[in-house]
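Some notes on the structure that comes next.
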Amino acid sequence: MSTIDLRSDTVTQPTQPMLDAMTTAPLGDDVLGDDPTVIQLQEHVAKLLGKEAACFVPTGTMANQTAIRAHTQPGDEIITHEDSHIIHYETGAPAALSGVMIRVLRGERGQFDPQDVRDAMRSGDTHFPSSRLLVVENTHNRGGGSVWALDRLQAVCRTGRELGLRVHLDGARLWNACAASGSSPEDYASLCDSVSVCFSKGLGCPVGSAVAGDRAFIDRVRRYRKMFGGAMRQSGMLAAAALYALEHHRDRLTEDHTNARRLAEKLSGVSSVRVDTDRIETNMVFFALEGMPAPEVCERLADAGVLMLPESSRVVRAVTHMGVTGAMIDEAAEHISRIRV
Ligand code: TLP
């Protein structure tokens, strides 16, 4: 039985040309600062995001957590949406690694307005933690892969900065946001002090993320990368995959978005399925099957070779990526339509 894996866009396998780029890349020792391919990637990413410098790290989690550590002091407070990845999927790391509190904002699809940020700011009263960092996420994972409109994000970030906050963008899927909105990575990054991006999601690399920001900030990130155990040696092999993907795999992200829409449209014709096709902005589809908990839907689908993950007790998440074709989407939709409650 062949498998259709829609659990995440992290499941992709490297292509042969990507592997060729990895095995022929010139290597050094990145802890000693002389891996030429890592240096090339960091310079390229910094330029792409319009920042002074960038630091290559193994994962999106480490990108976010080194950034949080570099922006804050223990006891500080982060302001972010209640559905943020840094809250739900990073093992409590802001508390464990940076000793910070998190104050959450509510809002549709992972987004909020300048007034929400103003309302969450602490005054300088001695009782309170210090509001230090605003974290935004684009695309927003638990928001269903939603894309921030540039002007809304601009208003939110401007307000945060006027209030004296630093602003970090979790851009694990910034490439998808750009493919969907037509805005450039630099358009979004220019609104923020720091940005994390991933190469191991829609871009199809086996490993790798980066943090970008000003030079002094990136020097601190590099130090925390070492502290958190993420400084690697001949990591040019991994950086080569990222350089390859940035050049060859960004333009094709719209195919993933088309496939997500195709899945949602097929499912909207199935009477037992609840799906909002208007909410498909990038490569994620959230849907529910009436009368069946999401874990059971996923189990039934797995028996048919279709893999998805429960997003909550009722909602299932399907994510499209490089390894998924339109025919696979049709087959997955067919299996979902055959589930009987
Ligand atoms: N997201 C993963 C899981 O952790 C949920 C996924 O399958 O979607 N920021 C955002 C917005 C992310 O979606 C992710 C990964 C990360 C950070 C962390 O990246 P990694 O997995 O490389 O640590």
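Atoms within a ligand are numbered from 1 in the order they appear, just like the ligands themselves. For reference, positions follow the sequence shown, starting with 1.
Looking at Arg109 and Glu281, a side-chain N of the basic residue comes within less than 4.0 Å of a carboxylate O on the acidic one, giving a salt bridge. At a threshold of 4.0 Å, the pair Glu82-Arg103 does not count as salt-bridged, since none of the basic side-chain nitrogens sits closer than that to a carboxylate oxygen. Salt-bridge annotation for Asp330 and Arg262: present, with a side-chain N of the basic residue lying under 4.0 Å from a carboxylate O of the acidic one. The pair Arg132-Glu77 does not meet the salt-bridge criterion, since no charged nitrogen lies less than 4.0 angstrom from a carboxylate oxygen.
Pocket lining of ligand 1, defined as residues with a non-hydrogen atom under 4.0 Å away: Ser8, Thr59, Gly60, Thr61, Asn64, His85, Tyr89, Glu90, Glu137, Asn141, Asp170, Ala172, Arg173, Lys201, Arg317.
Screening residues 48-71 for ring pair (Phe, Tyr, Trp, His ring centres under 6.0 Å) gives His71-Phe217 as the qualifying pairs, with residues at least two apart or on separate chains.
Each of Ile102, Thr72, Val135 was compared with Pro94 under the side chain to side chain contact (heavy atoms under 4.5 Å, CB included) criterion, and only Ile102 meets it.
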